[in-house]
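Following: one structure in structure tokens, then a few remarks.
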Amino acid sequence: MSHEWNESVWKLVSFIPQGKVATYGQLAAMLGFPKRARHVGYALKHSPHDMVLPWQRVVNGKGLISFPYQSEQFLMQKAMLEAEGVIVSELGKIQLKTHGWRP
DNA sequence: CTGGTGACGTCTT
DNA sequence: GAAGACGCCACCA
């Protein structure tokens with residue numbers, strides 16, 4: 001069910017360690033649905049506003065922040081990641097080699 | 001039912 | 001590496 005899907009996504013994201021990042025596709029695959037990378041983003045967008053999630057630790061497969069360059073959300077995610085020690089280039093690129101989450 | 005829309009990914013130039 | 005074309009799939013007007 002879609003409701004179950006959202007909850008499993010939120011739960012998994014909450015496990016990403018501080019200072020590490022995961023990709024949408026990686027998380028979807030971990031939940032057993034490698035073709036639903038887009039829906040991980042959907043689940044995050046629709047998470048309760050009062051719920052605290054480390055959503056900033058999720059980027060796309062290229063290691064880029066998936067919000068429009070310099071949009072409010074882009075800048076917020078970049079700032080939050082840098083605040084926890086993740087190196088983010090000016091264009092919003094993360095070095096998955098060093099910050100990638102590997103369970 | 002039909003078409004448009006994404007916080008995405010893979011393959012081909 | 002970069003830029004496009006496709007593929008995917010839940011959701012919604």
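Just so we're on the same page: letters track the sequence lines, and every chain starts at 1. Hydrogens, waters and symmetry mates are skipped; everything else that's a heavy atom, side chains included, is used. Predicted, not measured: the structure shown is a model, and the values here were computed from it.
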Partner of A/V58 by side chain to side chain contact (heavy atoms under 4.5 Å, CB included), out of A/I16, A/V21, A/L53: A/I16

Candidate list A/N60, A/V88, A/I87, test side chain to side chain contact (heavy atoms under 4.5 Å, CB included), partner A/I94, passing option: A/V88

For the atom pair [atom1] ([X]) and [atom2] ([Y]), what is the distance rounded to the nearest 0.5 Å?
| X | Y | atom1 | atom2 | answer |
| --- | --- | --- | --- | --- |
| A/Y69 | A/L91 | OH | CG | 5.5 Å |
| A/S14 | A/R57 | OG | CZ | 9.5 Å |
| A/I65 | A/K93 | CD1 | NZ | 12.5 Å |
| A/S8 | A/M30 | OG | CE | 12.5 Å |
| A/L31 | A/H39 | CG | NE2 | 12.5 Å |

Would you kindly give the [atom1]-to-[atom2] distance between [X] and [N], to the nearest whole Å?
| X | N | atom1 | atom2 | answer |
| --- | --- | --- | --- | --- |
| A/W5 | C/dC11 | CH2 | P | 11 Å |
| A/M80 | B/dA7 | CE | P | 19 Å |
| A/N6 | C/dC9 | CG | C1' | 14 Å |

First encountered from the 5' end of DNA chain C, between A/Y42 and A/K93: A/K93

Set of ring-ring contact (aromatic ring centres under 6.0 Å, His included) partners for A/F15, sequence neighbours left out: none

Pair A/E7 + A/K11, salt bridge at N-O below 4.0 Å: no

Pairwise C1' distance for C/dC8 and B/dT5, with rounding to whole Å: 13 Å

Stretch residues 61-76 of chain A: residues that reach within less than 4.0 Å of DNA chain B through a heavy atom: A/G61, A/S66, A/F67

Close approaches to DNA chain C from residues 18-37 of chain A, in residue order (heavy atom, under 4.0 Å): A/K35, A/R36

Return the polar atom pairs (N/O with N/O) between nucleotides 2-6 of chain B and the protein under 3.5 Å, or none.
unit_1: B/dG6; atom_1: N9; unit_2: A/R38; atom_2: NH2; d: 3.2
unit_1: B/dG6; atom_1: N7; unit_2: A/R38; atom_2: NH2; d: 3.3
unit_1: B/dG6; atom_1: N3; unit_2: A/R38; atom_2: NE; d: 3.4

Listed partners of A/K20 passing side chain to side chain donor-acceptor pair (under 3.5 Å), at least two apart: none

Pairs meeting criterion ring-ring contact (aromatic ring centres under 6.0 Å, His included) with involvement of residues 81-103 of chain A, two or more places apart: none

